[in-house]
Amino acid sequence: RDIAGYVYQEETGSWLQMYQNSYDARSNLASKTVFHDDGTEKSKITYTYYSDNQPKSETVLEGSTVLSKKEFTYAPYYNSSESQVSAKVYSDSAGYLTASQYSDKLGNRTRDTLAYNGQTYTQSYTTDLLGNILTVKDFQANAEGAANSTVSYTYDYANRVVETTT
């Protein structure tokens, strides 16, 4: 396979196009089309972007059928102490899951949330001054209010994990 999406078929002595990328005026990937062996379109992924080139949406199509769709939003320093990146992942035409990641002003992850069918699940983190994750309380533990469900990490002088405790 070459970088342009072609595969050489020895039995026929020809090149077969497997995929094709197209780009917008700002050099962002606008679409990726995947082809069947007979050269017909199998599926297509389309991308849109905000004016600052951050991803806005990703849609996977098979013909005119939408197989999946994601929409991305960004909120720098949401609530003035955290920034937020969210993705809506559609499960069907009406339902979707929203996954969000929150970071502090130093870029350290503070929590993740998943919201679906009126329920919100949170995974929380604490970090040290170097950005190493010290503790993680997972989605299920937070949802159930479990008292002893935090995973803790200890690091050596080179910031390598040397101990994990639950």
Side-chain angles (χ1 to χ4, degrees), residues 19-34 42-156 158-166:
Y19 66 88
Q20 180 180 21
N21 294 335
S22 66
Y23 298 87
D24 64 18
R26 299 175 123 194
S27 299
N28 295 311
L29 182 62
S31 68
K32 181 173 199 147
T33 305
V34 179
K42 178 179 181 180
S43 61
K44 185 174 195 171
I45 306 170
T46 60
Y47 305 92
T48 61
Y49 300 87
Y50 290 101
S51 61
D52 64 355
N53 291 328
Q54 292 287 339
K56 184 176 184 179
S57 69
E58 174 188 290
T59 305
V60 179
L61 301 161
E62 194 168 86
S64 61
T65 304
V66 176
L67 298 180
S68 71
K69 183 176 181 179
K70 299 176 189 172
E71 293 176 348
F72 304 96
T73 57
Y74 306 89
Y77 302 111
Y78 179 75
N79 280 343
S80 77
S81 65
E82 292 180 307
S83 66
Q84 175 188 0
V85 177
S86 295
K88 278 186 181 178
V89 181
Y90 290 85
S91 57
D92 55 39
S93 61
Y96 59 86
L97 169 122
T98 301
S100 299
Q101 183 180 55
Y102 298 83
S103 301
D104 64 19
K105 289 184 177 182
L106 299 174
N108 299 319
R109 197 175 192 172
T110 57
R111 63 190 162 108
D112 299 331
T113 61
L114 294 173
Y116 184 71
N117 277 347
Q119 295 284 342
T120 300
Y121 303 95
T122 301
Q123 180 162 294
S124 53
Y125 304 87
T126 61
T127 57
D128 63 17
L129 293 174
L130 297 173
N132 296 317
I133 295 174
L134 297 176
T135 62
V136 177
K137 190 168 185 180
D138 71 19
F139 294 107
Q140 183 175 358
N142 273 327
E144 295 173 355
N148 296 333
S149 58
T150 300
V151 177
S152 300
Y153 301 95
T154 305
Y155 298 84
D156 67 8
N159 294 323
R160 296 177 294 208
V161 176
V162 293
E163 183 180 19
T164 303
T165 56
T166 55

Legend entry - Residue pair Val66 / Lys69: nearest heavy atoms and the distance that separates them: CG1-CB, 4.3 Å
Inset, instruction - Look at the side chain of Ser43 and the backbone N and O of Val34, then say whether any donor-acceptor pair between them is shorter than 3.5 Å. - result: no
Legend entry - Shortest non-hydrogen contact from Tyr74 toward Pro55: OH-O, 3.0 Å
Legend entry - Spacing of Gln119 atom CD and Leu97 atom CG [to the nearest 0.5 Å]: 12.5 Å
Legend entry - Residues which pass side chain to side chain donor-acceptor pair (under 3.5 Å) with Tyr47, listed by chain and number, not counting sequence neighbours: none
Legend entry - Student check: side-chain heavy atoms of Leu134 and Tyr153 closer than 4.5 Å: no
Inset, instruction - With rounding to the nearest 0.5 Å, note down the distance linking CG in Asp104 to CZ in Arg111. - result: 11.5 Å
Inset, instruction - Establish, from distance only, whether the side-chain atoms of Gln123 and Tyr125 form a donor-acceptor pair under 3.5 Å. - result: yes
Inset, instruction - Give, for atom CD of Glu163 and atom OG1 of Thr154, the distance between the pair rounded to the nearest 0.5 Å. - result: 4.5 Å
Inset, instruction - Applying side chain to side chain contact (heavy atoms under 4.5 Å, CB included), run through Lys32 and Tyr19 and close with a yes or a no. - result: CA-CA 7 Å; Lys32 181 173 199 147; Tyr19 66 88; 3.7 Å; yes
Inset, instruction - Take Tyr23 and Leu29, measure what side chain to side chain contact (heavy atoms under 4.5 Å, CB included) needs, and give me the verdict at the end. - result: CA-CA 5 Å; Tyr23 298 87; Leu29 182 62; 3.9 Å; yes
Legend entry - Closest heavy-atom pair and its distance - Leu114, Ala99: CD2-CB, 3.6 Å
Legend entry - Residue list, salt bridge (Lys or Arg N to Asp or Glu O under 4.0 Å) with Arg160, at least two apart or on another chain: Asp156
Legend entry - For Lys42 against Glu62, the heavy-atom pair lying closest together: O-CG, 3.3 Å
Inset, instruction - Return the orientation label for the Tyr90 and Tyr96 ring planes: parallel under 30°, perpendicular over 60°, tilted otherwise. - result: tilted
Legend entry - Leu130 atom CG, neighbour heavy-atom count above 12 within 6.0 Å: yes
Inset, instruction - Quick one: list whatever passes side chain to side chain donor-acceptor pair (under 3.5 Å) with Asn159, sequence neighbours left out. - result: Asn132
Legend entry - Gap between atom OG of Ser57 and atom NZ of Lys88 - 0.5 Å precision: 12.5 Å
Inset, instruction - Take Thr73 and Tyr50 through the side chain to side chain contact (heavy atoms under 4.5 Å, CB included) test and state the conclusion after the steps. - result: CA-CA 9 Å; Thr73 57; Tyr50 290 101; 4.0 Å; yes
Inset, instruction - Only counting residues at least two apart or in another chain, list the ones meeting salt bridge (Lys or Arg N to Asp or Glu O under 4.0 Å) with Lys44. - result: none
Inset, instruction - Determine the sole option in Asp128, Thr127, Ile133, Thr126 for which the side chain to side chain contact (heavy atoms under 4.5 Å, CB included) test with Asn108 is passed. - result: Thr127
Legend entry - Residues in side chain to side chain contact (heavy atoms under 4.5 Å, CB included) contact with Ser100, at least two apart in sequence or another chain: Gln84, Ser86, Thr98, Tyr102, Thr113
Inset, instruction - Check side chain to side chain donor-acceptor pair (under 3.5 Å) between Asp52 and all other residues, then give those that pass, not counting sequence neighbours. - result: none
